[in-house]
K.L.:
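The structure's right below; bear with me while I get my questions together.
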Amino acid sequence: MDKTSTKERERHGSIKFQIFKSSYKKKKKKKKKKKNVKTTQDLGTKEENLQKEVQKLYKRLQLKTKCKYKLVSDVLQITPHSLQSHGSCAEDQLVQMFLQKLLMMNYRARTITVTKTSEHHKEKQQKPKPSSAGSVDAFSKLFESPSLSDESKSNIDPIHPMDVQMAVFHCADGFLKQLIVTKLSQCQYALPLLVPDPFTHKIVFPLWTFREINQSWKIKNNNSETISQNQPVWKAKTPMVFFFRFGSVSSSKSQLINSLINDKHNTFFHRNCPGSSRTRVLMDGVVEIAWFCPSGRDDDKFTDRVAFCNLHGDAGEHEKQLDIMTEMASVNVVVLPQLSRDDKRMTKIQNLFKNPKPLICLLPDDGLALTEMGNGKYKIGLKGRGEADVSEDLRQAITDCLSESSSTFRLEDVSKHSDIRVDEEEDDDCKKGKEAAQQMMRLLKGNDLTKIKESFLPRQDKLWHQWCEMNKELNRPQGDDPEMEISKTKVKMMKIREEQHKAPIKSSWMIIPQMICLIYFKSIIRHGQMSQKELQDATFGLEHIMREIGQIYESCSSVKKNKKDLQIDFSSLPSLAAEMMISGFPLELMDGDAAHVPVIWISAVLDQLIQKLGDQRIFVLSVLGIQSSGKSTMLNAMFGLQFAVSAGRCTRGAFMQLVKVSDEMKTQMKTQMKTQMNTDYILVVDTEGLRAPELAGSSTRHHDNELATFVIGLGNMTLINIYGENPAEMQDILQIVVQAFMRMKEVRLTPSCVFVHQNVSDITAGEKNMEGRRRLQETLDKMTKLAAEGEVSNAECFSDVIAFDVQKDVVYFAQLWEGSPPMAPPNPSYCENIQDLKTTILSHVSQSNVMMLTDIKSHITNLWEALLKERFVFSFKNALEIAAYRKLETEYSKWTWSLRKAMLETENKLQNQIENGAIKENIIRETKRKLNEVLQQRDLKKKIDAQRTQNENTLLEKAKNLALTYKDNAKNDEILQNEFAQFWSTWMDEIIRDTPQVGDIEIMKDMMEEKGGEYYRIFQKYCQGATSAAILGEIICNKLKEPIQQSVYKKTAQDLADEMKTNCKSLNGNRSNLEKHILKTLAEKEDFDAYMTYIHNPKEHFKSFIKYEVSLYINNNFNISVLPKMEDDLRQKQKQISEAVKRASKEVNENSGDADFWLEIFTKNLSDVLIFSEKNLKGVSRDDVDVKLLAEVITKELPSIIFDMSKEFNTESFLQKLEYKDRPDQILNEHFCQCCWVQCPFCKAICTNTAEDHDQQPHSVPFHRPDGLNGWHFRGTENLCTGFCTTLVASTKTFCPTYESEEYFPYNDYRSAGGVYAKWSITPDLTELSYWKWFTCRFQKELEEYYEKKFQDEGQIPDEWRNHSKQDAIESLDKYF
């Protein structure tokens, strides 16, 4: 072969190869370009497909894509779902079931099975058509794919459990998200750290959701000493191991991580978990985080706390998350399938190898054990190896890597990445709260945290504690002069309030207009810069800020002025606290440090709750138990609440939180359980533990007794929480509990209770439970006998004290943790016990008599004020009786007024019928006796009316006869007027001469002079030859005027009285309310003489006040209220008369009747309406009367008469036209003044009993006065007494019952004086109205002149009384009446 040709061929071939290679590269580039274009299109298509899948998922879960589900309105309610204890539900109920189980800390929330629909069951039960064995094609049955239609029918994948979790997470508002994450943490589940938004595809870091999570763990130091640690997860620095994968691998990455954290619990959900599905929609791209927390034992997998992060899905498709996490990790772990060298994913691996950060590669296609590749790089084969071996290799590799690495991870630092969204930066309230919290922490930094409250919260430490001690002293006065002692104590207490008010507001949190923003960052406030020891010593949290706000409000209320540095009016503070409660957060009810209830603050907050929610029906559920027995944990699990349960932070005092009962729950209880759920909210009260170690000796027992009495007295039901089965501890708490229930029985309260035994090792052992119940019953009975001795009770056993069934009202709870903390999840059996107890509680709710919010407010006040006194039972029983009496008096007033209205309406009808002669004589006499107290006046009136009618009718006949004489002069008006005037004068003289005069009134003259014009017109018509029907019609219309007028005025007066009873503030309640307004008016006018009338002749003063109020109301409202009523009733009368005309005409036509028959029917139809009968027309001629024409005349003339009458209505005539008994003031007098008017023999206070004769009950009044206002003075001196009856009867002083008496009787046994004193019940009480203190000081000089004595020496007016202004006096009336 020719060398040249050979070389040429080689060169030619080489050229061809180069051309081919070049061509190949160009083609490849083209392919790559095409592939890239395709990839971009695929990405868009993938996002569109994802959104479609998300929409389908939301639809299946009954979720709305653009609706944020709120914590309180949508979740923290008692719903039918909250009572479902089984682990399955329909698909559209998955969300509710998941949330309810999660809120109860039941980790089975992620393993809920879906119950199939009935259609699915029918399809499943339809068997295929039978075929012969020989014709079956085994290959096609086993390996060939079914048709799409068959597959779509039978293979609709169930919803993935993590899709349920993430769908709820995406649809939740901020508070609900935080609660979900907090509960996931309590269930020892991994938490969402980086979350792609399924619609915007932006990466979200939900930092705020981690703010409430705290973790505890134990480590050993170099000296092998165990050290406890507790920190919030957002703040703690810890090494972090990041797991991710490329592509699809056969091994489960999540399952491997679980084996490192807790091999008995699925911290990260994986493909082999129960309920897992082939498809998932919302998890790809999600990064979850979980922590391993050591217990300090030798078998801990790691010696210190380690964070594990897990990126779900193919990391190659989520580069943003991958870059963030690999950068922040201490160790990166990648699950890596077999890759080609030119795979772009190898570029990422190559970069990780170059990075000095440790890297562990898990190889599913390799079977090698742990192999170190140098520079902190490891590989571990997974193929064909057992899980335990792989887990141990992986643990060892991570341990080695962490020992060489100093890198740590801080959760909050994730927010520093610019290409992600942070939830805290997008919510305005969240940002405000964070700024406020951080500013506060800057202020606190560098201060001695154990003294922080004294410096930054000055009102609640020393000052508040001193005030509380003085308040207790105030309620337990000693000595001979309790009034002066009380006065001195009150002066000191006011000085403290003034100091509280002057104290500056150093912390910036007070300048925030919306205090609720602080809720977002209460954890920052609580844990800001504090170590665990400092935290326990300082105990500084949101509750202390709220406590300070409460004291600011109370001090401002006491001194009655705002704080300049507050920047908002103090009166708005309770509204903000109420918003917190409505938003699902607890509020401190009893200050745990001062052991005191800030009644002014709590009452104001409850007032705002009532204003915002309405006066709702409330069931109060309280809990009582020893410290650290799991009370708060139990309540939180039961209702999804947020009482503090973190380590080192036992509840102090008492906290209350509202839980709404949903409308669906009420409906279900009514339909399914046939029970009416008459409750709108459950008020849950969590309390501090009994037998707290920080209290010692007798103070512990006194404090515990006080707390137990308060909590049990407040609750409709109390959960008695007992931890374990230690007999000594149980006996100690049971004695306190029994004594509290015994006190409730003595004050006639009937709360129920359930005993909860927590942490019982084997709750399934029936015999053991029976023995436990028997032992509890014996202990309760024993404690009852002991308590009965102290409470002077004859109870022999616990069932004598309270309705109690040891079989139903005792429950046993499993241990809280399934395993050993800190890595143990909650025990599902514990959660089931919680659910059973919740059902028991709701059955009690449906059967209980609940209270209204207004009742809760007064109940808390009465209960606490009674507890402050030495004689709780006596004081509280009195308070309850007063409250019950007030309520009864109010209802009685409403009832009696309704009855009085009905009686007045009936009286009108009966009176009309009586006057018209439509009722028999014996009924007349009885009815008259009941309806009229002045029968003589009535009889006289009837005689006069009869005489007047006779005279009128005689005059008519005379006028008729005279008209016949002057018929020819009918057109000469002057002649007719002169002749009629002469005729009228003559007859008037005769009538007046023959009629007796009543008093100074010439009745007939006054009446008949008004009729002259009417009779002249009739006379004129006679002269003009008018028909008999026209004349009679005119006469009837004239005679109807007065009855119509009387009826209208009377009806209007009754309607007006009813209107005033509703609209007039002084008259719209019971007599106590009327007295309050009388006292207000007296104070405003400052008229001493009027005061003396009120004190010495109260009934007359009440009547004159009512008369004044009525007159004022009529004058002010005549045109807008009185006149329209009169005009309306006048139109009604016109209508009734017209109807009577029609009925009479119809009857006459049907029965061929005459004028007499027509008049009989006409007057009969009006007998209920007007005092008008045939007697009114006696003597009037009815000859030749055309009935049809008569009806036409009346119908024609009536409107003009009605119109003329309406023009006469005015304020002057209204009361003048009414009989005395029909006047509105007299109607109201009858209502208010038919009661007891007996006055206290000491102070002249009026007995408040609504019955005039109440011999069976002693006289009583809630609020007495200083005795000196009635002239009481010290014997042998000129010194008036300043003592209130209620303090005097608690003193050792004595008195003489009469001025002449020489015998002395002790005030504390005043009834022994006999007579009027024995008929009164005066309760020792410190509730004194500011009103009478102000009055005594304001009118001291006038009182001294009136009684010719002095307020001096032992009768000196206490200095504290002079601090009460008129405004204080008036406001005290609103407080106590």
K.L.:
Has R110 got its NZ or CZ under 6.0 Å from the middle of the six-membered ring of Y189, at an angle within 45 degrees of the ring axis?
P.N.:
yes

K.L.:
Look at the side chain of D163 and the backbone N and O of L282, then say whether any donor-acceptor pair between them is shorter than 3.5 Å.
P.N.:
yes

K.L.:
Under the salt bridge (charged side-chain N to carboxylate O under 4.0 Å, His left out) rule, collect the residues that match up with D263, sequence neighbours excluded.
P.N.:
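For D263, no residue satisfies salt bridge (charged side-chain N to carboxylate O under 4.0 Å, His left out) once neighbours in sequence are set aside.
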
K.L.:
Flag the pair F308 / W291 as yes when at least one side-chain heavy-atom distance between them is below 4.5 Å, and no otherwise.
P.N.:
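With C-beta onward as the side chain, the pair stays apart.
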
K.L.:
When the ring centroid of F175 is compared with that of F585, is the distance short of 6.0 Å?
P.N.:
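Judged by ring-centre distance (under 6.0 Å), F175 and F585 do meet the cut-off.
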
K.L.:
Give me the one residue out of E288, Q321, R245 that meets side chain to side chain donor-acceptor pair (under 3.5 Å) with H312.
P.N.:
E288

K.L.:
Kindly give the heavy-atom pair with the smallest separation between T267 and N258, and that separation in Å.
P.N.:
N-OD1, 3.3 Å

K.L.:
Going by side chain to side chain contact (heavy atoms under 4.5 Å, CB included), C293 matches just one of K218, Q215, Q229. Which one?
P.N.:
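That would be Q215.
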
K.L.:
Taking F269's backbone N and O only, do any of them form a donor-acceptor pair with N266's side chain (distance below 3.5 Å, no angle check)?
P.N.:
no

K.L.:
Does any N or O in the side chain of S259 come within less than 3.5 Å of the main-chain N or O of L256, such that one atom is a donor and the other an acceptor?
P.N.:
yes

K.L.:
Could you tell me whether the side chain of N106 and the main chain of P828 form a donor-acceptor pair under 3.5 Å?
P.N.:
no

K.L.:
Given side chains that start at C-beta, do those of I213 and P232 come closer than 4.5 Å, heavy atoms only?
P.N.:
no

K.L.:
Please enumerate all residues that pass side chain to side chain donor-acceptor pair (under 3.5 Å) together with S295, with sequence neighbours excluded.
P.N.:
R297, D300

K.L.:
Can you list every pair that meets side chain to side chain donor-acceptor pair (under 3.5 Å) and has a residue in residues 369-383, with sequence neighbours left out?
P.N.:
none

K.L.:
In Å, rounded to the nearest 0.5 Å, how long is the span from CG of N214 to OG of S185?
P.N.:
9.0 Å

K.L.:
D343 vs K348, test: salt bridge (Lys or Arg N to Asp or Glu O under 4.0 Å). Steps then yes/no.
P.N.:
CA-CA 10 Å; D343 193 313; K348 186 66 178 176; over 6 Å; no

K.L.:
Has the side chain of H265 got a donor or acceptor atom that lies under 3.5 Å from a matching backbone atom of Q188?
P.N.:
yes

K.L.:
Identify the heavy atoms of W817 and Q186 that sit nearest to each other, and give their distance.
P.N.:
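Nearest pair, atom of W817 first, then Q186: CZ3-O, 4.2 Å.
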
K.L.:
Rounded to the nearest 0.5 Å, what separation is found between the CG atom of L641 and the CG atom of L103?
P.N.:
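Answer rounded to 0.5 Å: 9.5 Å.
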
K.L.:
Does L816 have any side-chain contact (heavy atoms from CB on, under 4.5 Å) partners at least two apart in sequence or in another chain, and if so, which?
P.N.:
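L816 satisfies side-chain contact (heavy atoms from CB on, under 4.5 Å) with M105, T633, Y830 only.
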
K.L.:
D413: which residues meet the side-chain contact (heavy atoms from CB on, under 4.5 Å) condition with it, sequence neighbours left out?
P.N.:
M328, R410, K416

K.L.:
Check this for me: N223, atom CG, are more than 12 non-hydrogen atoms of other residues, nucleotides or ligands nearer than 6.0 Å?
P.N.:
yes

K.L.:
Would a distance-only check, ignoring hydrogens and angles, find a side-chain to backbone donor-acceptor pair under 3.5 Å from D393 to A369?
P.N.:
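Not confirmed, D393 side chain does not pair with A369 backbone.
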
K.L.:
For E818 and Y107, which I'm curious about, is there any donor-acceptor pair between the side chains at under 3.5 Å?
P.N.:
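A donor-acceptor contact under 3.5 Å links the two side chains.
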
K.L.:
Any donor-acceptor pair under 3.5 Å linking the side chain of K253 with the backbone of H270?
P.N.:
no

K.L.:
For the residue pair F244 and F246, categorise the inter-ring angle as parallel (less than 30°), tilted (30 to 60°) or perpendicular (more than 60°).
P.N.:
perpendicular

K.L.:
Identify the heavy atoms of I420 and V414 that sit nearest to each other, and give their distance.
P.N.:
CD1-O, 3.4 Å

K.L.:
Looking at D284 and R280, is any side-chain nitrogen of the basic one under 4.0 Å from a carboxylate oxygen of the acidic one?
P.N.:
yes

K.L.:
Ignoring hydrogens and geometry beyond distance, is a side-chain donor-acceptor pair present between D423 and T209 at under 3.5 Å?
P.N.:
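No - no donor-acceptor pair under 3.5 Å links their side chains.
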
K.L.:
With a 4.5 Å cut-off on side-chain heavy atoms, are P196 and K202 touching?
P.N.:
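In short, these two side chains do not touch, never coming nearer than 4.5 Å.
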
K.L.:
Does NZ or CZ of K177 fall inside the cone over F169's six-membered ring, less than 6.0 Å from its centre and within 45° of the axis?
P.N.:
yes

K.L.:
Which is it for S248 and D314 under the side chain to side chain donor-acceptor pair (under 3.5 Å) test, yes or no, and what are the steps along the way?
P.N.:
CA-CA 7 Å; S248 179; D314 185 351; over 6 Å; no

K.L.:
My understanding is that only residues two or more places apart in sequence, or in another chain, count here; which of them pass side chain to side chain donor-acceptor pair (under 3.5 Å) with Q255?
P.N.:
N272

K.L.:
When you measure from the side chain of N221 to the backbone of E225, do you find a donor-acceptor pair of N or O atoms at a distance under 3.5 Å?
P.N.:
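Checking the backbone N and O of E225 against the side chain of N221, a donor-acceptor pair under 3.5 Å is found.
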
K.L.:
List for me each residue that meets salt bridge (charged side-chain N to carboxylate O under 4.0 Å, His left out) alongside E392, sequence neighbours excluded, and say none if there are none.
P.N.:
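So E392 forms a salt bridge (charged side-chain N to carboxylate O under 4.0 Å, His left out) with R395.
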
K.L.:
Just grab all the side chain to side chain donor-acceptor pair (under 3.5 Å) pairs involving residues 397-409, residues at least two apart or on different chains.
P.N.:
Q396-D400

K.L.:
Just list the side-chain donor-acceptor pairs under 3.5 Å for residues 355-366, sequence neighbours left out, or say none.
P.N.:
{"unit_1": "N355", "atom_1": "OD1", "unit_2": "K357", "atom_2": "N", "d": "2.9"}
{"unit_1": "K357", "atom_1": "NZ", "unit_2": "T326", "atom_2": "O", "d": "3.1"}
{"unit_1": "K357", "atom_1": "NZ", "unit_2": "E327", "atom_2": "O", "d": "2.5"}
{"unit_1": "K357", "atom_1": "NZ", "unit_2": "A329", "atom_2": "O", "d": "2.8"}
{"unit_1": "D365", "atom_1": "OD2", "unit_2": "Q338", "atom_2": "N", "d": "3.4"}
{"unit_1": "D366", "atom_1": "OD1", "unit_2": "L368", "atom_2": "N", "d": "2.9"}

K.L.:
Please name all residues satisfying side-chain contact (heavy atoms from CB on, under 4.5 Å) with E425, sequence neighbours left out, ordered by chain then number.
P.N.:
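E425 satisfies side-chain contact (heavy atoms from CB on, under 4.5 Å) with V422 once adjacent residues are dropped.
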
K.L.:
Is there side-chain contact between T182 and F210, with heavy atoms separated by less than 4.5 Å?
P.N.:
no

K.L.:
Determine, stepwise, if the pair R421 / E426 fulfils salt bridge (Lys or Arg N to Asp or Glu O under 4.0 Å).
P.N.:
CA-CA 8 Å; R421 288 165 45 198; E426 297 187 344; 2.7 Å; yes

K.L.:
Where do L260 and K301 come nearest, in terms of heavy atoms and distance?
P.N.:
O-CD, 2.8 Å

K.L.:
Do V54 and F199 have side chains that approach each other closer than 4.5 Å (heavy atoms only, starting at C-beta)?
P.N.:
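The answer is yes, as the side chains (C-beta and beyond) meet within the 4.5 Å cut-off.
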
K.L.:
Heavy-atom distance under 4.5 Å between the side chains of F98 and V168, does that happen here?
P.N.:
yes

K.L.:
To the nearest 0.5 Å, how far apart are CD in E317 and CG in L322?
P.N.:
12.0 Å

K.L.:
Sequence neighbours left out, what passes salt bridge (charged side-chain N to carboxylate O under 4.0 Å, His left out) with R305? Give chain and number order.
P.N.:
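Listed in chain order: nothing, the list is empty.
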
K.L.:
Mind checking salt bridge (charged side-chain N to carboxylate O under 4.0 Å, His left out) for D419 and listing every partner two or more places apart, or none if nothing turns up?
P.N.:
none

K.L.:
Grab the two heavy atoms, one from H160 and one from T279, that are nearest each other, plus how far apart they are.
P.N.:
CB-O, 3.5 Å

K.L.:
Among D304, D298, T303, find the one that has a side chain to side chain donor-acceptor pair (under 3.5 Å) with K220.
P.N.:
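The single option meeting the side chain to side chain donor-acceptor pair (under 3.5 Å) with K220 is D298.
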
K.L.:
So, for D342 and S340, which heavy atoms are closest and what is the spacing to 0.1 Å?
P.N.:
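The answer is OD1-OG, 2.9 Å.
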
